[in-house]
K.L.:
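First, the structure itself, so that you have it in front of you.
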Amino acid sequence: MFYDVIVIGAGLAGLMAAEAAQRQGARALVLARGMGSLALTTGCIDGLGYIPGTSKAPLASPLTALSQLKEEHPHHPYAIVGQERILDALEHFQELCQVMDLPYTGTFKQNLLLPTPLGTYHPTCLVPETMAQGTLSIPGSVLLLGFRGLKDFSPFLAAENLNLLHSQGKVAPSFRAEALDKLDLGGRALNGLNLAQAFDSKDFRKEFVKKIKPTLRSGERLGLPAVLGLHFPGEALAELREMLNAEVFEIPLPPPSVPGLRLYRKLKMHLQEKGVRIFVGLSALNPLKSPKGLNGFSLGKSKNSPVYRAKAFVLATGKFVGGGLDSERGRIFETLLDLPVKYPKKRREWFNVRLLNPAGQPFNRFGVEVNEHLQPVDTEGRVIYPNLFAAGGIVAHGDSMSEKSGGGVAIATGYLAGKLAAGIK
Ligand SMILES: Cc1cc2nc3c(=O)[nH]c(=O)nc-3n(C[C@H](O)[C@H](O)[C@H](O)COP(=O)(O)OP(=O)(O)OC[C@H]3O[C@@H](n4cnc5c(N)ncnc54)[C@H](O)[C@@H]3O)c2cc1C
């Protein structure tokens, strides 16, 4: 089967690349081993929270910090994409989310601090509408509500830690905590996913409001773990706001993340509606190469294995978590095409012995080197396959963990790589 663009990877970078290619009129196909790391994330799109090793305080604006980032890391994916195209890609992402009925607020020009379930903060720049009222610069009183038995969220711990930050003048609102007694989930285990599915039902929401209304004080905002529906979070939010006559917001929980899953599902559905084919769960992709470039992939090694060919390709396979990079004793390698990966020869230089070192872990910046068109290059800077582009975590020099930049880099590079791939005739 022949396509214009094949994207490898169904994470945020791959899905954005497929969307951009499709929008340019390309017939696009996504092939992936698994669903990518969106379900591990908060569902928020981090822009640039920190320049590791320079300051402990979160950056006020990712946009304003770009020039400093470029000085520290001249080959950073953001430096390659450039300011205008980053802004363009993120604006496009927000428009797309609006169309998909999963609105995101915020801008790359300003970081927002959102509460974490442990009562710390997370700098990020685009947030689902359901989290917007949790922004820690909004003053007032907040009731954090938990569900007794839900292990991933203790409202009491979160409120205590956030109040400490409030007393230090680091966050504007003050907090108190309550926990709802055991809820009836029809015999299903009490966890974030099951709660979210329960919140998709109007009847469940009515029952919930009845229980919580007497507890909520006038003028208080209500902060809940991120479980306001897997399919209809907008409807759930609007209804709770109206019935409680209060602002309501979600706090992302540890994985599997309901907001991350919402984004994955919506993007996937949107692409499929637009005619993009998506195959997730593929165990072995074997590249078909010729002296002119990459031709396609076969889904197995037998001569009857299905073969998918295209004019151009986007590699969006992530780093170690996504599966795009792997390591053996003494070697780090790119898993699909064995593209060159630059790393120190001495293994002890891959790691920082202090796990949570503010300067980050060196291995988080490893990846594939690319030129200004996001084409992977060899150690001499020569393009390896003229019809191959790379996007997201697999691109070297970004460190989503310590910079808090993963989603922004995935969108900016994915959007550009998809457009460039669609331009190959
Ligand atoms: C725990 C955790 C929490 C995070 N939280 C946030 C957050 O809140 N906000 C934020 O902005 N960022 C966050 N990030 C960072 C963010 O998830 C990543 O930077 C970003 O999602 C990378 O997207 P990607 O599409 O490049 O790769 P991934 O999402 O990792 O996707 C890689 C895709 O490629 C496929 N693949 C890999 N190798 C192969 C192969 N050989 N053959 C076929 N398919 C392959 C995978 O199956 C997958 O579909 C977090 C990361 C982690 C690990």
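Numbers here are sequence positions counted from 1. As the structure lists them, so they are numbered: ligands from 1, and atoms in each ligand from 1.
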K.L.:
Looking at every heavy atom in both Ala10 and Ala32, which two are closest together, and how far apart are they?
P.N.:
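Of all heavy-atom pairs spanning Ala10 and Ala32, the closest is N-CB, 3.5 Å.
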K.L.:
If you take the nearest heavy atom of each of Ala316, Pro287, Gly281, which one is closest to atom 33 (C) of ligand 1?
P.N.:
Ala316
K.L.:
If you have a sec, work out which protein heavy atom is nearest atom 39 (C) of ligand 1 and how many Å separate them, to one decimal?
P.N.:
Thr317 CG2, 3.7 Å
K.L.:
Please check if the distance between the ring centroids of Phe93 and Tyr104 is under 6.0 Å.
P.N.:
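Ring-ring flag for Phe93/Tyr104: true, centres closer than 6.0 Å.
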K.L.:
Tell me which protein heavy atom sits closest to atom 30 (O) of ligand 1, plus the residue, atom name and distance to 0.1 Å.
P.N.:
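Heavy-atom neighbour on the protein nearest atom 30 (O) of ligand 1: Gly322 CA, 3.1 Å.
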K.L.:
Please indicate whether any nitrogen or oxygen in Gly34 is less than 3.5 Å from any nitrogen or oxygen in ligand 1.
P.N.:
yes
K.L.:
Could a heavy atom of His122 be found less than 4.0 Å from some atom of ligand 1?
P.N.:
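Under 4.0 Å: yes for His122.
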K.L.:
Counting heavy atoms only, which of Met16, Glu334, Met401, Glu403 is nearest atom 53 (C) of ligand 1?
P.N.:
Met401
K.L.:
What residue and atom, counting heavy atoms only, is the protein's closest point to atom 27 (O) of ligand 1, and at what distance?
P.N.:
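Going atom by atom, the protein heavy atom closest to atom 27 (O) of ligand 1 ends up being Gly318 CA, 3.4 Å.
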K.L.:
Against heavy atoms of Ala32, which atoms of ligand 1 measure under 4.0 Å?
P.N.:
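Answer for ligand 1: 44 (N), 49 (O).
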K.L.:
Which ligand 1 atoms does Ala10 reach within 4.0 Å, using its non-hydrogen atoms?
P.N.:
33 (C), 48 (C), 49 (O)
K.L.:
Under 4.0 Å from a heavy atom of Gly9: give me the atoms of ligand 1 that qualify, with their elements.
P.N.:
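The atoms of ligand 1 under 4.0 Å from a heavy atom of Gly9 are 33 (C), 34 (O), 35 (C), 49 (O).
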K.L.:
Go through the side-chain N and O atoms of Asp46 and Ser405 and say whether any donor and acceptor fall under 3.5 Å apart.
P.N.:
no
K.L.:
Examine Lys345 relative to Tyr343 and say whether NZ or CZ is less than 6.0 Å from the centre of the six-membered ring and inside a 45° cone about the ring axis.
P.N.:
yes
K.L.:
Specify the closest pair of heavy atoms between Gly140 and Arg221, including all atoms of both residues, with the distance to one decimal.
P.N.:
N-NH2, 4.3 Å
K.L.:
Mark up the atoms of ligand 1 that fall under 4.0 Å of a heavy atom belonging to Gly407, in ascending order.
P.N.:
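Reading through ligand 1 atom by atom, the close ones are 10 (C), 11 (O), 12 (N).
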K.L.:
State whether Phe208 and Arg205 meet the cation-pi test: NZ (Lys) or CZ (Arg) under 6.0 Å from the six-membered ring centroid, and within 45° of the perpendicular axis.
P.N.:
no
K.L.:
With heavy-atom distances below 4.0 Å as the criterion, list the atoms of ligand 1 near Gly36.
P.N.:
29 (O), 31 (O), 48 (C), 49 (O)
K.L.:
With rounding to the nearest 0.5 angstrom, report the NZ to CD1 distance, Lys319 to Ile332.
P.N.:
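Between atom NZ of Lys319 and atom CD1 of Ile332 there are 10.5 Å.
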K.L.:
Think Arg27 forms a cation-pi with Tyr3, using NZ or CZ under 6.0 Å from the six-ring centre and within 45 degrees of its axis?
P.N.:
yes
K.L.:
For atom CD of Glu349, is the number of surrounding heavy atoms from other residues, nucleotides or ligands below 6.0 Å larger than 12?
P.N.:
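Correct, the count exceeds 12.
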K.L.:
Quick check: does Thr42 get an N/O under 3.5 Å from an N/O on ligand 1?
P.N.:
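Yes.
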K.L.:
What protein heavy atom is closest to atom 3 (C) of ligand 1, reported as residue, atom name and distance in Å?
P.N.:
Leu40 O, 3.5 Å
K.L.:
For the backbone of Arg188 and the side chain of Asn194, can you confirm whether one donor and one acceptor N or O come within less than 3.5 Å of each other?
P.N.:
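Not at all, since once roles are kept as given, no pair shorter than 3.5 Å links the two residues.
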K.L.:
Applying a strict 4.0 Å limit to heavy atoms, is Lys319 in contact with ligand 1?
P.N.:
no
K.L.:
Classify the contact between Cys44 and ligand 1 as side chain, backbone, both or neither, using a heavy-atom distance cut-off of under 4.0 Å.
P.N.:
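The part of Cys44 near ligand 1 is the backbone, not the side chain.
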K.L.:
Starting from atom 15 (C) of ligand 1, what is the nearest protein heavy atom, named by residue and atom, and what distance separates them?
P.N.:
Ser400 OG, 3.7 Å
K.L.:
Of the non-hydrogen atoms in Leu69 and Ile51, which two are nearest, and what is the gap between them?
P.N.:
N-CD1, 3.7 Å
K.L.:
Would the Phe175 and His166 ring centres measure less than 6.0 Å apart?
P.N.:
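Judged by ring-centre distance (under 6.0 Å), Phe175 and His166 do not meet the cut-off.
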K.L.:
Once salt bridge (charged side-chain N to carboxylate O under 4.0 Å, His left out) is applied, do any residues pair with Arg176, and if so which ones, sequence neighbours excluded?
P.N.:
Glu178, Glu220
K.L.:
How long is the span from the OH atom in Tyr264 to the CG atom in Leu12, to the nearest 0.5 Å?
P.N.:
12.0 Å
K.L.:
Before signing off on this row, confirm whether Gly323 and ligand 1 have an N or O atom pair separated by under 3.5 Å.
P.N.:
yes
K.L.:
With nothing but distance in play, are any N or O atoms of Gly393 less than 3.5 Å from an N or O of ligand 1?
P.N.:
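Among all N and O atoms of Gly393, at least one is under 3.5 Å from an N or O of ligand 1.
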K.L.:
Say whether Arg265 and His231, considering side chains only, have a donor N or O and an acceptor N or O under 3.5 Å apart.
P.N.:
yes
K.L.:
For atom 44 (N) of ligand 1, which protein heavy atom lies nearest, and how many Å away is it?
P.N.:
Arg33 N, 3.1 Å
K.L.:
Between Ser37 and ligand 1, is there a nitrogen or oxygen pair with a distance under 3.5 Å?
P.N.:
yes
K.L.:
What donor-acceptor contacts under 3.5 angstrom involve side-chain atoms of residues 359-367, with partners at least two apart or in another chain?
P.N.:
| residue | atom | partner | partner atom | Å |
| --- | --- | --- | --- | --- |
| Gln361 | OE1 | Asn352 | N | 2.5 |
| Gln361 | NE2 | Asn352 | O | 3.0 |
| Gln361 | NE2 | Arg354 | O | 3.4 |
| Gln361 | NE2 | Leu355 | O | 3.1 |
| Arg365 | NH1 | His397 | O | 2.8 |
| Arg365 | NH1 | Glu403 | OE2 | 2.6 |
| Arg365 | NH2 | His73 | NE2 | 3.3 |
| Arg365 | NH2 | Glu403 | OE2 | 3.1 |

K.L.:
For the 3.5 Å polar cut-off, considering only N or O atoms, please tell me whether Ile45 and ligand 1 meet it.
P.N.:
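Between Ile45 and ligand 1, no N or O pair is found under 3.5 Å apart.
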K.L.:
So which of Ile411, Thr41, Leu12 gets nearest to atom 4 (C) of ligand 1, if we judge by its closest heavy atom?
P.N.:
Thr41
K.L.:
Would you say Ala410 and ligand 1 have an N/O pair spaced under 3.5 Å apart?
P.N.:
no
K.L.:
At less than 4.0 angstrom from any non-hydrogen atom of Gly392, what atoms of ligand 1 do you find?
P.N.:
26 (O)
K.L.:
Identify, for atom 42 (N) of ligand 1, the protein heavy atom at the shortest distance, and state residue, atom and that distance.
P.N.:
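Here the nearest protein heavy atom works out to Leu336 CD1, 3.8 Å.
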K.L.:
Find all atoms of ligand 1 within a distance of less than 4.0 Å from any non-hydrogen atom belonging to Gly324, and give their numbers and elements.
P.N.:
37 (C), 38 (N)
K.L.:
Return the CD1 to CZ distance between Ile6 and Phe279, rounded to the nearest 0.5 Å.
P.N.:
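Here the interatomic distance stands at 10.0 Å.
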K.L.:
Report the part of Leu282 in contact with ligand 1, treating N, CA, C, O as backbone and CB onward as side chain, heavy atoms under 4.0 Å; options are side chain, backbone, both, neither.
P.N.:
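It is neither part, as no heavy atom is under 4.0 Å.
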K.L.:
Considering non-hydrogen atoms of the protein only, which is the closest contact for atom 25 (O) of ligand 1, and what is the distance?
P.N.:
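Looking only at protein heavy atoms, the one closest to atom 25 (O) of ligand 1 is Ala13 N, 3.0 Å.
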